[in-house]
Amino acid sequence: MSETGTPQMRAVSQDTAGGPEVLKVITTDRPVPGPTEILVRVHAAGVNPADWKTRTAGRFHNGSEPPFTLGFDVSGVVEAVGLGVTLFAPGDKVFGMPRFPHPAGAYAEYVTAPARHFAHLPTGLDHIQGAALPLASLTAWQALVDTAQVQPGARVLIHAAAGGVGHLAVQIAKSRGAYVIGTARRSKHDFLRGLGADELIDYTEQDFATAVRDVDLVLDTIAGDYGARSLRTLRPGGSLISILPLDDTFPADRAREAGIRAAFVLVEPDRAGLQAVAELVNTGKLQVNVDTVFPLEDAAKAHALGETGRTTGKIVLTVAP
């Protein structure tokens, strides 16, 4: 409790833009749920590229500046519900990606957010696995299913297939009946074959742009020159979907001239998408791989590892026991 009697909580905060070292554990007021919101006691929080990019830039997409608490992926237990909430009750296990791309404050012991930004935690998952799912799985779902509407038999090329988004995208595409081609280092090929990938390319040994043809869909999770090079793999009428902010390298004009659809997907909170992902988990069609787990106070170490770009699957922070 604070001196005024307000309940307190631990959180990771930053006062300025910078490297992982700017992250520090603080004590702050526990939030209170407003109408249509729930208060969640966070058991685990996922770590995503969006987190360290926001940390480095020193601002969120909506212009919010430090001090702030990072984190979007939440898995935990409902502590209290606000006025009008009927979907959840205290004690329910939930997971979600609240408020993205606005501040959610997941690196903390408690968060509040609209109830419909959450879903019930899939059966059989612990909170560490639950925290690894929301942002990455919703990104893959919204790109492959909502945007590209992947059909059975479609040839899908997924870049960085062993990454946080990539390894889930492989499984979601397979659940839709697609033929999946992935780019990844050779050391990760066995892992991806275990997830159902049909064909794999070690991008350090072979140029995917000359090795693959007649692709219906490319999911670009890397950006840079990958988009332009991917156009050579796509058939006319195919789609190039990027999940990274567009820059001058995104080949929108070249794609249009070649009869290829080029689009950028920014993930958004999506209860229906979370429920669809949960159903895939519950039926054994989707599993999430957790690369490394850190305690909340080691958020800086988690960011440093994530920025190497060499993890397989997701990084997670444990918050509550």
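- At least one donor-acceptor pair under 3.5 Å links the side chain of Arg99 to the backbone N or O of Thr112.
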For this session: Determine, stepwise, if the pair Val78 / Phe118 fulfils side-chain contact (heavy atoms from CB on, under 4.5 Å).
Result: CA-CA 10 Å; Val78 176; Phe118 293 90; over 6 Å; no
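- A distance of 9.5 Å separates CG in Leu296 from OH in Tyr107, rounded to the nearest 0.5 Å.
- Here CG of Leu135 is found 7.5 Å from CG of Leu138. Values are rounded to the nearest 0.5 Å.
- The backbone N or O of Gln149 sits less than 3.5 Å from a side-chain atom of Gln151, completing a donor-acceptor pair.
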* To do: Verify side-chain contact (heavy atoms from CB on, under 4.5 Å) between Val267 and Ile243, making sure each step is shown before the conclusion.
  => CA-CA 8 Å; Val267 66; Ile243 64 169; over 6 Å; no
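- The local environment of CZ in Arg59 is sparse, with at most 12 non-hydrogen atoms from other residues, nucleotides or ligands closer than 6.0 Å.
- Within the 4.5 Å cutoff, the side chain of Ser242 has no heavy atoms near those of the Tyr226 side chain.
- Minimum heavy-atom separation, Val42 to Ala108: CB-O, 3.2 Å.
- Considering all non-hydrogen atoms of both residues, Val316 and Ala44 come closest at CG1-CB, 3.9 Å.
- Side-chain contact between Thr147 and Arg261 is present, with heavy atoms from C-beta onward closer than 4.5 Å.
- The hydrophobic cluster containing Ile26 does not contain Leu70, counting ILVMFWY residues as joined when their side-chain heavy atoms lie under 4.5 angstrom apart, directly or transitively.
- Here the side chains of Pro251 and Leu240 are in contact, with some heavy-atom distance below 4.5 Å.
- Atom OG of Ser230 is separated from atom CG of Leu217 by 10.0 Å, given to the nearest 0.5 angstrom.
- Other residues, nucleotides and ligands contribute at most 12 non-hydrogen atoms within 6.0 Å of the NZ atom of Lys93.
- Put simply, the side chain of Arg55 gets close to the backbone of Gly18: a donor and an acceptor are under 3.5 Å apart.
- Applying salt bridge (charged side-chain N to carboxylate O under 4.0 Å, His left out) to Lys314 and the options Asp291, Asp73, Asp51 leaves one that passes, Asp73.
- Minimum heavy-atom separation, Thr292 to Leu305: OG1-CD2, 3.4 Å.
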### Message
As a quick check of understanding, evaluate side-chain contact (heavy atoms from CB on, under 4.5 Å) for Gln287 and His167, giving each step before the final call.
### Response
CA-CA 9 Å; Gln287 57 183 296; His167 85 290; over 6 Å; no
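- Under a hydrophobic-cluster definition in which Ile, Leu, Val, Met, Phe, Trp and Tyr are linked whenever side-chain heavy atoms come within less than 4.5 Å, directly or via other members, Trp52 and Met97 are assigned to the same cluster.
- Between the side chain of Arg213 and the main chain of Thr233, no donor-acceptor pair closer than 3.5 Å is present.
- Of the N and O atoms on the side chains of His43 and Ser75, not one donor lies less than 3.5 Å from an acceptor on the other residue.
- Using modelled atom types, one side-chain atom of Thr221 and one backbone atom of His159 make a donor-acceptor pair closer than 3.5 Å.
- At least one side-chain heavy atom of Leu39 sits less than 4.5 Å from a side-chain heavy atom of Pro31.
- Taking hydrophobic clusters as Ile, Leu, Val, Met, Phe, Trp and Tyr residues chained together by side-chain heavy-atom distances below 4.5 Å, Phe72 does not share a cluster with Tyr110.
- The side-chain heavy atoms of Lys174 and Leu195, taken from C-beta on, include no pair separated by under 4.5 Å.
- Formation of a donor-acceptor pair under 3.5 Å by the Asn48 side chain with backbone atoms of Ala50 is not found in this model.
- Residues Asn62 and Pro101 form no side-chain contact, since every pair of their non-hydrogen atoms from C-beta on lies 4.5 Å or further apart.
- Without hydrogens or angle criteria, Gln206 side chain to Phe208 main chain gives no donor-acceptor distance under 3.5 Å.
- Gln142 places a side-chain N or O within 3.5 Å of a backbone atom of Glu268 that can act as its donor or acceptor partner.
- Going from atom CG of Leu157 over to atom OG1 of Thr183 covers 6.0 Å, rounded to the nearest 0.5 Å.
- Between Phe88 and His120, the ring center distance clears the sub-6.0 Å criterion.
- Taking CG from Leu317 and CD from Glu297, the interatomic distance works out to 9.5 Å, rounded to the nearest 0.5 Å.
- Listed here is the closest heavy atom pair of Ile172 and Ser137: CD1-O, 3.9 Å.
- Put simply, the side chain of Asp216 never gets that close to the backbone of Val156: no donor and acceptor are under 3.5 Å apart.
- The minimum heavy-atom distance between Ala262 and Ala252, with the atom names listed, is CB-CA, 4.3 Å.
- A distance-only check finds a donor-acceptor pair linking the side chain of Thr283 to the backbone of Leu280 [under 3.5 Å].
- Residue Thr28 comes nearest to Ala11 through the heavy atom pair CG2-CB, 4.3 Å, listed as atom of the first residue, atom of the second, then distance.
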Inset, instruction - Quick one: do Val281 and Leu133 satisfy side-chain contact (heavy atoms from CB on, under 4.5 Å)? Show the steps, please. - result: CA-CA 10 Å; Val281 173; Leu133 267 177; 4.1 Å; yes
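- Between Phe264 and Phe250, the distance separating the two ring centers is not shorter than 6.0 angstrom.
- For Arg254, the CZ atom is loosely surrounded, since the number of other residues' heavy atoms within 6.0 Å does not exceed 12.
- Atoms OG1 and CD, from Thr56 and Glu307 in turn, are 5.5 Å apart once rounded to the nearest 0.5 Å.
- Under the 4.5 Å side-chain contact rule for hydrophobic residues, Val47 and Val290 do not share a cluster.
- Taking the side chain as every heavy atom from C-beta outward, Thr69 and Ser13 approach each other to under 4.5 Å.
- Taking 4.5 Å as the limit, every side-chain heavy atom of His303 sits out of range of all side-chain heavy atoms of Val12.
- Cluster membership check: Val74 does not share its hydrophobic cluster with Val32, using side-chain heavy-atom separations under 4.5 Å among Ile, Leu, Val, Met, Phe, Trp and Tyr.
- Annotation for Arg116: atom CZ does not count as buried by contact number, only 12 or fewer foreign heavy atoms lying within 6.0 Å.
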